[in-house]
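First the structure, in the form of structure tokens, and then the observations on it.
In what follows, every chain begins at residue 1, and chains take the letters A, B, ... in the order their sequences are listed.
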Amino acid sequence: MRASQMFAPTLREIPAEAEIVSHQLLMRSGMLRKVASGVYTYMPLAWRTMKKIMDIIREEMDKAGCQELMLPVVHPAELWQQSGRWQVYGDELWRLHDRHGRDFCLGPTHEEVITDLVAREIKSYKQLPLRLYQIQNKYRDERRPRFGLMRGREFIMKDMYSFDRDQEGLEESYRLMYQAYTNIFTRCGLDFRPVVADNGAIGGDASHEFMVLAESGEAGIIYCSSCSYAASSEVAEAYLDRTPCNEIPGEMKEVETPHCKTIEDLTRFLNVSPEKTIKTLCYQADDQFVLAVIRGDRTVNEIKLKNRLGCLELTMASDEVIKKYLDSPAGYVGPVGVKNIRMIVDREVPFLANAVCGANKEHYHLINVNPDRDFSIEETADIRLVEEGEICPECRAKLLSARGIEVGQIFKLGTKYSESMGAKYLDENGKEQLMVMGCYGIGVGRTMAAAIEQNYDADGIIWPMAIAPYHVVVVPVSDRDREPEQMQAATKIYQDLLAQKVEVVLDDRKERPGVKFKDADLIGYPLRITVGSKTLAEGKVEVKMRATGDVHYVELDRVVAFVKEKLNLPEERGF
RNA sequence: CGGGACGUAGCGCAGCUUGGUAGCGCACCUGAUUUGGGAUCAGGUGGUCGCAGGUUCAAAUCCUGUCGUCCCGACCA
């Protein structure tokens, strides 16, 4: 490719709308342009990288016995009504109707379409397992698209759906995908980590998210400093210290605590440490009023709580609702004396002694509260958020926290969709059985953005070799007519590299050298070959590595061999 | 969906308070000089000031509505 013909309009300034590095650099390097909020055009350089990522995905999927197919973007409402998600999915489902007024939606994911297909075509255990994948545009009418490709309304995603005879088969599919994902992100040159994740409303019994570690990540990760334990902060657990408190239980008393509505007020006023307090939070879980009881220094993990309650909607109860059920103002709620209200007690609470909690009476708290003695505990669960510095549940080392970009997630679906969509087969005994499903997604654009978030400097992108849009740029320093030998030498190198199937760009533009260097750094070619008069006089060119800044002076006749050697360097990093 | 902000040339912005018919930098075009890290000088192209109403002799500027975009939060199979 000649730079003079390449469609890659680079920008000197950062577009005002781009907030994070990957978005800024994708815009500045002329790779991406916005068409509407959350909807983008992938320009030639970006599309080359996208295709490379997709090719890596394809190779690993095919290797794991999966077959690629193409599914429609437009789905009839009937399929979604059949699974029940037409109602459940909400406003994020991008709905439309045709000229006859029939309802359709743009597929945000393809369980319905593919399960329906498989249900129609697969009849016998002999045809299983079946693993089908697609890489295509998907649509979610996000409330708030953001961060460029990170959260778009139209995005390219690979989804694989596995259909197995039984749970055992699913385990095998899942294991294969876990390995395939590890291979894919490693090959993409990413520093990533698989973490245990929440299944969300999709149900099922296990899920992993593949997280690219980056400060700008939207997701929190808790991982062990010593063993392999790693989990999304949504589901992370910590070691539970079951040592009973050896304090002698004191007499429970009501004390006046004027205007102490928060744990902070309370600890200051009574001079107690927050871990000796009990906090009681009031929630509205669908139509049910529930209490979450937790140590004062902890934070409720609403995902865990929601999963425990099995509700669809979970919100903090309003003051009026609290008043109605407890006759206590918010801020003075406590578990003592509460009757006929479901109460989920965090599993740490029973180990407290002589704690402080709300008295269900304005301006009063109770001291020397002892769980079990002073209030009955019927339901304990882990409902709290784990923080950095806590103890690993697996090996008791210290837990650390990090931010991550979720680039992939694998789910065991079970029979949720095979049941609703009627995906059954006959087993060896002629007995009808439900297929056991799994689904496995990778955000392709998000993977590209994540690669940038992890590989950039002040000058621009630093592509990992495997997904760089091009490997090499050849830059003749001068285009002066009186120094034609530079352009000649550069053109020869360019042609020789092309002949060797190296993906190379010749920067033949009539630009000053500074402009070419700046663009080369911005676009992030892994190698830059500079042809200048000084080195050319010695029969050499300069080869600069974008990632390290290392410079090599190489004889003209050795350049191609040198470059090929550099390109073959293993890029694998990751875990 | 709640809160906040913005919309003026391809990009980044000023002008708006105090109404008088639009400006700066970059980019782009022409010429000259320049050429190892986003050149200099001279000349030039390009804008119904998001859109629609209203007030006014007169609206980018004031008022109302509307659309779009971004940020924070909520949400995220």
Going by atom types alone, do [X] and [Y] pair a side-chain donor with an acceptor below 3.5 Å?
X        : Y        : answer
A/Arg528 : A/Thr530 : yes
A/Ser162 : A/Tyr440 : yes
A/Gln82  : A/Glu78  : no

Nucleotide-resolved protein contact map, nucleotides 9-14 of chain B, B/S/- at heavy-atom distance under 4.0 Å: --BSS-

Would you list the atom pairs, donor with acceptor, under 3.5 Å between side chains in residues 89-97 of chain A and any protein atom, with sequence neighbours excluded?
unit_1: A/Arg95; atom_1: NH1; unit_2: A/Trp86; atom_2: O; d: 2.9
unit_1: A/Arg95; atom_1: NH2; unit_2: A/Trp86; atom_2: O; d: 3.1
unit_1: A/Arg95; atom_1: NH2; unit_2: A/Gly90; atom_2: O; d: 2.8

Describe the nucleic acid contact of [X] in one word from base, sugar-phosphate, nothing, applying a heavy-atom distance below 4.0 Å.
X        : value
A/Thr535 : base
A/Thr315 : nothing
A/Arg528 : base
A/Glu542 : base
A/Lys544 : base

[N] and [M]: how far apart are their [atom1] atoms, nearest whole angstrom?
N     : M     : atom1 : result
B/A60 : B/G68 : P     : 24 Å
B/U45 : B/A58 : P     : 31 Å
B/G10 : B/A59 : C1'   : 27 Å
B/U40 : B/U61 : P     : 36 Å
B/U8  : B/G50 : C1'   : 10 Å
B/A14 : B/A9  : C1'   : 14 Å
B/G15 : B/C62 : P     : 12 Å
B/A42 : B/C26 : P     : 12 Å

Partner of [N] by Watson-Crick or G-U wobble geometry, both contacts under 3.5 Å, or none?
N     : value
B/G43 : B/C29
B/C76 : none
B/C6  : B/G68
B/U35 : none
B/C24 : B/G12

Are any of the side-chain nitrogens in A/Lys412 or A/Glu171 under 4.0 Å away from the carboxylate oxygens of its partner? yes

Residue [X], side-chain heavy atoms: nucleotide from [options] that is nearest:
X        : options             : result
A/Arg151 : B/A77, B/C76, B/G37 : B/C76
A/Lys34  : B/C71, B/A77, B/U69 : B/U69
A/Glu19  : B/U34, B/G36, B/C71 : B/C71
A/Phe517 : B/A77, B/G37, B/A39 : B/G37
A/Lys306 : B/C76, B/G37, B/C71 : B/C76
A/Ala36  : B/U69, B/G36, B/A77 : B/U69

In whole Å, what is the span from the [atom1] atom of [X] to the [atom2] atom of [N]?
X        : N     : atom1 : atom2 : result
A/Asp457 : B/G37 : CG    : C1'   : 13 Å
A/Met487 : B/U35 : CE    : C1'   : 13 Å
A/Lys510 : B/U34 : NZ    : C1'   : 15 Å
A/Glu234 : B/A77 : CD    : C1'   : 12 Å
A/Arg509 : B/C28 : CZ    : P     : 10 Å
A/His23  : B/C71 : NE2   : P     : 9 Å
A/Met421 : B/A77 : CE    : C1'   : 15 Å
A/Tyr40  : B/U69 : OH    : C1'   : 10 Å

By nearest nucleotide on RNA chain B, pick out whichever of A/Lys518 and A/Tyr89 is the more 5' one. A/Lys518

Residue closer to the 5' end of RNA chain B, A/Ser37 versus A/Asp519 (nearest nucleotide): A/Asp519

Residues forming a ring pair (Phe, Tyr, Trp, His ring centres under 6.0 Å) with A/Tyr174, sequence neighbours excluded: A/His208

Determine, using ring centers only, whether A/Phe411 and A/Tyr161 are less than 6.0 Å apart. no

Do the ring centers of A/His110 and A/Tyr417 come within less than 6.0 Å of each other? no

Short side-chain N/O contact to B/C75 OP1/OP2 from A/Arg143, under 4.0 Å: no

Check whether any side-chain nitrogen or oxygen of A/Lys516 sits under 4.0 Å from OP1 or OP2 of B/A39, and answer yes or no. no

Can you measure from CG (A/Asn455) to OG (A/Ser22) and round to the nearest 0.5 angstrom? 11.5 Å

Checking salt bridge (Lys or Arg N to Asp or Glu O under 4.0 Å) for the pair A/Lys304/A/Asp198: CA distance, chi angles, key distance, verdict? CA-CA 9 Å; A/Lys304 286 183 183 175; A/Asp198 181 46; over 6 Å; no

Below 3.5 Å, does any donor atom in the side chain of A/Asp521 face an acceptor in the base of B/G37, or the other way round? yes

